[in-house]
Amino acid sequence: MPKIEIEKNVCKGCGLCVRICPKNVIVISKGLNDKSYHPAEYIGEGCIGCKSCALTCPDSAIEVYK
Amino acid sequence: MEKIFKKPKGLNDKTMHYCPGCGHGIVHKMIAQTLEELDLLERTIFISPVGCAVFAYWYFNTDHIQAAHGRAPAVATGLKRANPELIIVSYQGDGDLASAGTAEIVHAAARGENISVIFINNAVYGMTGGQMAPTTLVGQKTSTSPFGRDPNFAGHPLKVCEMLATTKAPRYIERTSLDSVANLNKTKKAIKKSFDLQARGEGFSLVEILSPCPTNWGMSPPEAMDWIAETLSKEYPLGVFRDERADTEVRNDS
């Protein structure tokens, strides 16, 4: 089962991964990170490992596993 | 489970100073990935422009020079001619390349210098507060054109790819954008082609990348990406303007 890991404190919550995810399995978290941004969060299932989110992430905060 | 996408070796662990959703981070990542894939990291010199990307030297695991406003292609020319074995990445924004450095880029292209120019076009001066740039669209509101750019007063947008494609020497000129997966992949491919050309000593290449500046456009990052797709890439059509790799006889002839 593919999955992504988002480095919470590197993410600036820009939402580009949310916009680009074809399966809509990334959401913006309600909680804050160390820099007071609302980071992106993987909902835990449904990732197909397409790498789109990692490609569009400006802060290289996403790692993809397959 | 195998890791299929990770932060490239060409970037260090420092958090970038760019605003959320800025295109610079995306392009930095692509450049670092490409240098890693082509095994060029050890002999690359990255030239930072004036603008938001002036601090690119904080993030790359390569050597750096920071050039004066618009002069990156001139510095690149000197570096490459003195040390032909180096890979020179001349990275510039639109305020830097299309305004202050118009002379430098046109002549570097006309001479066919063997360098790679990465041109980030976001249609405003980003670092200084979103003023009107030569690339600003007609009618676009910026901090110095609060009622929209008036072509009778400020002229029309400067199209760099089209302009440089009128000179004979450049080998490869392409305009891409960052607004969709397909375009992101095209951008990555274009950067790779450009570095590969330089490594093989073929000559000048420029990749123009339509990039978001959500802060100065007054949009959220996803809205900014949509604006690129719907508006910016209509004024600046995407595509290849020059690709003459196969014909090695053309360079500097006549």
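So you know, we letter chains A, B, ... as the sequences are listed, proteins then strands, and number each from 1.
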### Message
side-chain contact (heavy atoms from CB on, under 4.5 Å), that's the test. Do A:Tyr65 and A:Ile4 meet it? Break it down for me.
### Response
CA-CA 6 Å; A:Tyr65 296 82; A:Ile4 58 166; over 6 Å; no

### Message
Main chain of B:Pro134, side chain of B:Arg149: is a donor-acceptor contact present, judged purely on distance under 3.5 Å?
### Response
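Yes.
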
### Task
Under 4.5 Å heavy-atom distance to chain A, tell me which part of B:Ser180 shows up: side chain, backbone, both or neither.
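Looking at B:Ser180, just its backbone touches chain A.
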
### Task
Measure B:Asn185 against the heavy atoms of chain A and call it side chain, backbone, both or neither at under 4.5 Å.
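Contact with chain A involves both backbone and side-chain atoms of B:Asn185.
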
If you count heavy-atom pairs within less than 4.5 Å of chain B, which of [options] leads?
options	result
A:Lys12, A:Lys3, A:Glu5	A:Lys12
A:Thr56, A:Asn9, A:Val18	A:Thr56
A:Ile20, A:Val10, A:Ile62	A:Ile20
A:Glu63, A:Arg19, A:Lys51, A:Met1	A:Arg19

### Task
Look at the aromatic rings of B:Tyr91 and B:His28 and report parallel, tilted or perpendicular, splitting at 30° and 60°.
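Aromatic pair B:Tyr91/B:His28 classed perpendicular.
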
### Query
When the ring centroid of B:Tyr57 is compared with that of B:Phe46, is the distance short of 6.0 Å?
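No: the rings miss the under 6.0 Å criterion.
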
### Message
Please identify, among B:Cys22, B:Pro212, B:Ala32, B:Ser220, the residue contributing the most non-hydrogen atom pairs under 4.5 Å to chain A.
### Response
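Of B:Cys22, B:Pro212, B:Ala32, B:Ser220, B:Cys22 has the most heavy-atom pairs under 4.5 Å with chain A.
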
#### Entry: Partner of B:Thr187 by side chain to side chain contact (heavy atoms under 4.5 Å, CB included), out of B:Leu210, B:Leu178, B:Leu238, B:Ile118
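For B:Thr187, the side chain to side chain contact (heavy atoms under 4.5 Å, CB included) test succeeds with only one of B:Leu210, B:Leu178, B:Leu238, B:Ile118, which is B:Leu178.
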
